[in-house]
Protein chains: 2
Amino acid sequence: MTQKSGIAAVAETAGVSVSTVSQVLSGNRPVSEATRAKVNAAIAELGYTPHPGARSLRSRRTESIALLVPDITNPFYPLVAVGMQDVLLPAGYLLSILDAGSQSGTGRLLGHVLERRFDGIALHIDGLSDADRARLAESGTRVVALGRDIGIEGSDYVESDDAGGFAKLGEHLLGTGRRRIGFIGGEEESDPSRLRLGGLRQAFAGAGLDYDDASTVFTSFTRDGGRDGVAALYERRTDWDAIVCANDLIAIGAMDELRRRGLSIPDDVAVTGYDDIDAAALVHPSLTTVENPAREIGRTAARLLLTRLAGDGDDAPTQHITLSTRLVVRDSTTSPIPQER
Amino acid sequence: MTQKSGIAAVAETAGVSVSTVSQVLSGNRPVSEATRAKVNAAIAELGYTPHPGARSLRSRRTESIALLVPDITNPFYPLVAVGMQDVLLPAGYLLSILDAGSQSGTGRLLGHVLERRFDGIALHIDGLSDADRARLAESGTRVVALGRDIGIEGSDYVESDDAGGFAKLGEHLLGTGRRRIGFIGGEEESDPSRLRLGGLRQAFAGAGLDYDDASTVFTSFTRDGGRDGVAALYERRTDWDAIVCANDLIAIGAMDELRRRGLSIPDDVAVTGYDDIDAAALVHPSLTTVENPAREIGRTAARLLLTRLAGDGDDAPTQHITLSTRLVVRDSTTSPIPQER
DNA sequence: CTGAAAGCGCTTACAG
DNA sequence: CTGAAAGCGCTTACAG
């Protein structure tokens with residue numbers, strides 16, 4: 001008995017050929033019951049685990065999927081991850097979550113991610129330069145985009161109806177008599193920021209009102225961003241009666257800063273968020289927001305990826321799935337009549 | 001020009017041997033400036049990316065590390081992940097976060113994780129059976145344990161001073177006159193639950209008081225767990241004046257349920273958490289808790305792993321690093337005199 | 001139903 | 001400083 005390892009060792013102790021071991025492992029061709037039993041016994045005896053490197057070297061598959069997120073501490077993304085796992089684990093894929101640390105970090109991490117040859121990758125394409133996008137396309141890695149079309153042949157995308165959600169928020173605020181409405185976006189170059197602002201504009205237009213561009217500031221999709229955004233808005237004017245924020249984290253930061261300035265919510269200023277993370281119901285006053293179906297986004301993205309991975313892929317037309325959103329009215333907007341401080 | 005791919009294609013267009021290309025890539029032996037330039041030009045021209053499977057097949061290394069967490073939607077873990085990335089990315093390692101979905105899921109996911117042959121793996125060992133632990137040890141994968149010794153030769157561990165933190169919480173509550181103190185743990189078999197309860201006991205002992213075992217219930221480390229825990233405690237008696245929860249999520253759920261029962265916090269009952277997640281400062285009343293230095297735990301774990309990976313490993317004695325914790329007093333405990341409801 | 005053999009894309013002694 | 005060759009552990013035609 002020589003010092004073989006891996007599949008060769010299994011073959012030797014089972015008294016069969018290496019190919020046969022491989023076949024019982026993969027199930028790619030019929031193996032007699034007796035042989036299968038011998039092989040499985042040998043596998044158990046030796047505690048054999050296939051080497052994924054060797055396997056992927058031949059099969060060109062890694063059976064693993066990456067989710068590349070701009071900020072894993074934003075509670076939206078863990079939910080997307082959980083949704084993807086719901087679908088991927090039963091299908092035999094391992095999901096790796098990779099944190100870029102910031103929107104602009106996504107491009108920086110992309111090279112590392114492509115090197116690893118994941119079978120598929122889900123990502124928010126904001127923060128990707130055109131060059132990054134081209135690299136992704138060339139890599140041949142299956143991509144599913146979260147939030148917007150990435151413009152690669154055969155790459156599907158899932159989004160929630162951001163514009164519709166912000167239109168509902170806008171209608172709600174206008175309906176309660178608010179008129180001096182400011183908007184705090186995330187990164188200016190980001191599509192969610194634009195789409196969400198677009199929804200708000202749409203609400204204004206629907207009510208026959210003009211939206212003033214000077215009511216918009218851009219920061220980042222973080223709590224700090226919300227603080228900065230309020231500061232920037234109040235440099236422009238001080239009579240805001242509502243602040244619409246591009247996500248809940250921004251809204252929570254905005255509330256911090258408004259309170260620090262001695263303003264009362266919602267009496268002086270209403271505040272709204274987006275995503276409906278757990279914290280939205282926990283802050284005081286509780287935050288009016290829009291439910292962004294994060295887990296369902298994850299599930300859908302995973303299913304799209306699996307479908308492409310199973311078929312031969314590029315032939316099918318690009319799929320674009322939009323998930324609807326739901327307005328969640330809470331205390332941060334519900335007092336329609338401004339009172340004195 | 002034949003249809004070579006990978007390193008062979010690079011070698012061909014650069015006019016050098018395959019080994020030379022490998023050497024400029026790895027830097028494992030000196031290469032002349034001129035040769036290096038030719039090779040790099042060819043790499044750029046072909047858009048060559050090394051195949052990680054082939055590489056790991058020979059080198060026995062994957063340059064990737066896994067963080068296996070019981071629940072990625074618990075905001076504690078994303079922070080640990082960020083801390084690990086702080087250290088790993090500059091060192092050339094990719095961190096994959098893997099979500100077990102629950103404490104008991106950790107064992108189930110372990111097999112998948114070991115198969116992938118990560119160079120190192122960081123995990124909370126709660127939820128691991130002895131068999132799982134044995135599998136880990138046999139796999140030869142570098143392990144760093146979060147929270148407690150895993151009992152594998154050469155495996156280090158990082159913990160925060162849970163017992164100390166709960167002793168401080170206990171002293172704080174006893175110091176404000178609370179005496180009927182209930183404890184809601186997470187999973188009963190989990191070490192954090194036991195350690196944290198131990199800290200509370202220690203505070204009682206320090207004050208010359210007895211802690212009643214009937215004051216303890218175990219649920220799970222989730223918001224739902226907190227709701228269930230309160231229900232269980234109030235089946236036993238109804239005159240609690242403080243509820244100590246094993247983490248912030250439990251505490252938030254406990255507050256939900258106390259409020260539903262018409263109890264006022266902290267006037268009727270004080271509530272405390274552990275971790276100091278963002279939500280702790282956002283709930284109303286804000287939650288007295290203990291800061292658990294999640295990001296620093298991640299950084300430390302990553303450093304321990306890298307040190308083992310760099311050296312030849314097992315010779316060095318097991319390292320055990322304890323990070324101190326800090327009491328954060330907020331509104332959920334600050335009204336010492338019980339009032340009527 | 002089973003086996004022998006080629007080859008996936010690298011790294012690493014070995015030789016010069 | 002550079003190259004030819006073996007081999008890491010698998011999968012997959014090819015043959016029987």
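As the structure is a prediction and not an experimental result, all values here were calculated from the model. Order of the sequence lines sets the chain letters (A, B, ...), proteins ahead of strands, with each chain counted from 1.
Heavy-atom nearest nucleotides on DNA chain D were determined for P30(B) and for T49(A), and the one closer to the 5' end corresponds to P30(B). For the pair S17(B) and A8(A), nearest-nucleotide mapping onto DNA chain D gives the more 5' position to S17(B).
The base-pairing partner of dG16(C), taking Watson-Crick or G-U wobble contacts with both distances under 3.5 Å, is dC1(D).
Atom C1' of nucleotide dG9(C) and atom CG of L57(A) are separated by 5 Å, given to the nearest angstrom. For the pair R61(A) CZ and dC8(C) C1', the interatomic distance rounds to 16 Å; values are reported in whole Å. Across the protein-nucleic acid pair, I7(B) atom CD1 and dT12(C) atom C1' stand 12 Å apart, rounded to whole Å. The CD-C1' distance, from E33(A) to dT2(C), rounds to 15 Å in whole Å. Nucleotide dC10(C) holds its P atom 10 Å from the CD1 atom of I43(B), rounded to whole Å. To the nearest angstrom, C1' of dG9(C) lies 14 Å from CD of E115(A). Regarding R117(B), its CZ atom lies at a distance of 11 Å from the C1' atom of dC8(D), rounded to whole Å. Atom pair L25(A):CG and dC10(D):P shows a separation of 8 Å (rounding to whole Å applied).
In this structure, E138(B) does not pair ionically with R135(B), as no charged nitrogen and carboxylate oxygen lie closer than 4.0 Å. In this structure, R142(A) does not pair ionically with D119(A), as no charged nitrogen and carboxylate oxygen lie closer than 4.0 Å.
Residue R60(A) has a polar side-chain atom (N or O) positioned under 4.0 Å from OP1 or OP2 of dG9(C). Between dG9(C) and R58(A), no contact under 4.0 Å exists linking OP1 or OP2 to a side-chain N or O. Between dT2(D) and T35(B), a contact under 4.0 Å exists linking OP1 or OP2 to a side-chain N or O. OP1 or OP2 of dG3(C) sits under 4.0 Å from a side-chain N or O of T20(A). Residue S32(B) has a polar side-chain atom (N or O) positioned under 4.0 Å from OP1 or OP2 of dT2(D).
Across all strands shown, V16(B) has heavy atoms under 4.0 Å from sugar-phosphate atoms exclusively, and none from any base. Heavy atoms of S26(B) sit nowhere under 4.0 angstrom from any nucleic acid atom.
Here the CD1-CD1 distance, from I72(A) to I97(B), works out to 4.5 Å after rounding to the nearest 0.5 Å.
The closest side-chain heavy-atom distance from I152(A) to Y157(A) is not below 4.5 Å.
What you find for S56(B) and R61(B) is that their closest heavy atoms are CB-O, 3.0 Å.
Under 3.5 Å, the side chain of R55(B) and the base of dG9(C) form no donor-acceptor pair of N or O atoms.
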